[in-house]
Amino acid sequence: MVAVNFNYKEWLKKRKTTTKVFIVIQFALGIEYSMTFTTLYLYLKDVLHVTNNLNAFYSSICGIYVSTQIVASLVLCRLFDKYRTLKLFFILVIFITFVGNVLYTIPYSPYLLLAGRFLSGAGGSLRPIILSELTRIYPSDEVMAQLPAMTVSYGIGTTVGPVINFAFVKARFTILGIPINYANGAGLALSIVFLAAFAMSLFFVSDLSKEFDLKEEIQKMDADKLSLDSLCVANEENPSTTLSERKALDNKPLLDEDPSENRTEVNKLGIMEIIMKLFSSIDIVLIFVFAFFAYITILLQDLWISMAVIKLLNWTVLEINLIFLFNGIIISSTCLVLVFKPPSKNQLVNIGIASFIATCYTFGIFLYFRLVNSIEWFNVALWVIYPFMMSTIVFVDELLTMSVLAQMVPSKIQAFSESIRLMFSRLGATLLCSLQLLPLNIFYMFVHHVWSFLWY
């Protein structure tokens with residue numbers, strides 16, 4: 001896709017500027033993610049004084065946030081693949097996210113929080129849009145350098161979120177008649193952050209892939225070269241090949257060797273046909289499965305930490321923010337190393353194995369906190385080990401599955417395919433939120449009896 005009156009040098013300048021905005025947006029999304037989950041439980045419990053349905057509201061708000069991310073990503077990414085109006089999509093989605101954070105700041109009803117998280121969940125669609133645009137405007141070798149940078153930016157945002165929370169620990173003031181305290185101060189800060197992101201989108205974002213789709217152009221050149229090479233080989237093997245045979249060989253479908261050959265057909269397919277094509281590849285299905293289970297574990301960091309710290313360990317908001325801060329530092333540092341030293345294929349396998357061990361560890365420590373949690377120094381030690389284990393899971397979800405899928409699909413469905421991958425991740429998160437609404441006392445009682453039987 002090449003725009004009329006295309007200037008490549010000017011396009012490169014706009015690419016550089018827009019990529020910087022991508023980094024800022026990822027940073028803002030990371031702040032929103034961590035700040036919300038670190039304060040939401042206390043917001044409902046201490047500010048709005050929700051008692052009867054505390055866990056239900058907490059899980060519902062988390063669930064509606066993730067569900068909106070799923071729906072918004074599928075719809076908006078499909079539209080973005082078709083129209084490529086990046087600037088318009090950024091302005092629209094960031095404004096909706098801004099309004100959602102404003103509603104989240106108003107401390108009068110848990111339903112305002114529910115509405116706020118419902119709207120701000122639309123911001124989750126920006127991540128697959130950013131990834132698809134990066135894949136289209138950078139060569140494949142440079143994409144692998146850009147993706148860790150985006151992950152690091154998002155990770156730094158999740159680290160900075162709890163730091164900002166520290167500024168509101170003793171906050172007691174009003175803005176436009178709205179009382180601000182340690183719980184809804186996060187919403188105020190996020191509103192300011194996304195207002196700034198809205199301004200940046202107005203002035204510094206360009207419709208890059210609409211002007212020039214670098215990935216599609218490279219795929220075309222590779223396909224033409226592959227077809228020509230096949231013809232030359234055939235001519236060497238059989239110099240008497242007729243003209244009609246050469247044309248047939250030249251038009252031979254190459255879908256089995258290169259998925260990009262399907263690029264012209266993909267644009268004509270509907271959503272269901274595209275989904276069926278994606279699910280016909282066992283490699284892509286495995287990526288979706290890995291994403292599903294990886295994100296279930298990642299959401300434990302956001303959904304259960306606050307509940308474990310307050311209800312089970314009887315700690316305070318200070319400890320919650322310290323845990324999130326330490327987690328963000330370790331995870332971001334790990335991803336930062338990968339920016340300068342990408343792992344080899346053997347190392348990827350080892351990281352995959354380590355992520356499975358880390359998943360078992362994550363579920364194990366929350367089970368321990370529920371059933372034992374009586375040894376203070378051991379509780380602290382478990383939290384210290386936790387972010388090192390989580391960093392491997394984050395890598396599998398944020399970098400491995402993301403980068404592999406990005407290289408496997410045609411440019412025409414880049415954003416939509418990534419939204420499906422994120423859908424599987426967020427379905428895992430939604431499932432986890434739904435489990436919170438079940439009568440977990442029965443589940444915990446069953447686990448406690450099994451534990452007692454095995455232990456004694």
Say whether, by atom type as modelled, one donor and one acceptor occur between the side chain of [X] and the main chain of [Y] under 3.5 angstrom.
X	Y	answer
Ser417	Gln414	yes
Asn373	Asn379	no
Thr68	Phe118	yes
Ser391	Phe388	yes
Ser153	Ile23	yes

### Query
What pairs of residues pass the salt bridge (charged side-chain N to carboxylate O under 4.0 Å, His left out) test when at least one of them lies in residues 19-28, not counting sequence neighbours?
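Residue pairs passing salt bridge (charged side-chain N to carboxylate O under 4.0 Å, His left out), neighbours aside: none found.
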### Task
Could you note down all residue pairs passing salt bridge (charged side-chain N to carboxylate O under 4.0 Å, His left out) where residues 128-138 supplies at least one of them, sequence neighbours left out?
Asp81-Arg136
#### Entry: For Tyr41, all residues meeting ring pair (Phe, Tyr, Trp, His ring centres under 6.0 Å), sequence neighbours excluded
Tyr58
### Query
Who are the salt bridge (charged side-chain N to carboxylate O under 4.0 Å, His left out) partners of Lys14, not counting sequence neighbours?
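With neighbours one apart ignored, the set is Glu211.
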Under the rule for side chain to side chain donor-acceptor pair (under 3.5 Å), what residues qualify as partners of [X], not counting sequence neighbours?
X	result
Tyr138	Thr19
Tyr104	none
Thr316	Glu319
Glu142	none

### Message
Out of the candidates Lys210, Glu216, Glu217, only one should pair with Asp213 under the side chain to side chain contact (heavy atoms under 4.5 Å, CB included) rule; please name it.
### Response
Glu216
### Message
Is it the case that the ring center of Phe22 lies less than 6.0 angstrom away from the ring center of Phe90?
### Response
yes
### Task
Would you please indicate if the ring centroids of Phe326 and Tyr386 are separated by under 6.0 Å?
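Ring centroids of Phe326 and Tyr386 are no less than 6.0 Å from each other.
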Kindly give the heavy-atom pair with the smallest separation between [X] and [Y], and that separation in Å.
X	Y	value
Ile61	Leu113	CD1-CB, 3.8 Å
Met150	Ile130	SD-CG2, 4.4 Å
Leu103	Gly116	CB-CA, 3.9 Å
Ser209	Ile137	N-CG2, 4.1 Å
Thr105	Ser191	OG1-OG, 4.0 Å
Ser201	Ile91	CB-CG1, 4.1 Å

### Query
Taking atom CG of Asn327 and atom CG of Leu322, what is their separation to the nearest 0.5 Å?
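Result: 10.5 Å between the selected atoms.
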### Message
To the closest 0.5 Å, what do you measure between CG (Leu190) and CG (Leu29)?
### Response
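Rounded to the nearest 0.5 Å, the CG-CG separation comes out at 10.0 Å.
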#### Entry: side-chain hydrogen bond (donor to acceptor under 3.5 Å, both in side chains) contacts touching residues 107-119 (sequence neighbours left out)
Thr36-Arg117, Asn101-Arg117, Arg117-Ser120
### Summary
So side-chain hydrogen bond (donor to acceptor under 3.5 Å, both in side chains) across residues 169-181, not counting sequence neighbours, yields none
Tell me if the [atom1] atom of [X] is crowded by more than 12 foreign heavy atoms within 6.0 Å.
X	atom1	result
Phe356	CZ	no
Phe203	CZ	no
Lys311	NZ	no
Phe204	CZ	no
Tyr361	OH	yes

### Aromatic ring pairing Phe98/Phe95, orientation class (parallel under 30°, perpendicular over 60°, tilted between)
tilted
### Task
Kindly write out the residues that satisfy side-chain contact (heavy atoms from CB on, under 4.5 Å) with Leu88, not counting sequence neighbours, or none if the list is empty.
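Thr85.
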### Task
Using the test side-chain contact (heavy atoms from CB on, under 4.5 Å), find all partners of Leu92 that sit at least two apart in sequence or belong to another chain.
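Residues passing side-chain contact (heavy atoms from CB on, under 4.5 Å) with Leu92: Ile96.
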### Task
Show your working on side chain to side chain contact (heavy atoms under 4.5 Å, CB included) between Leu48 and Phe57 and close with a plain yes or no.
CA-CA 11 Å; Leu48 298 179; Phe57 269 113; over 6 Å; no
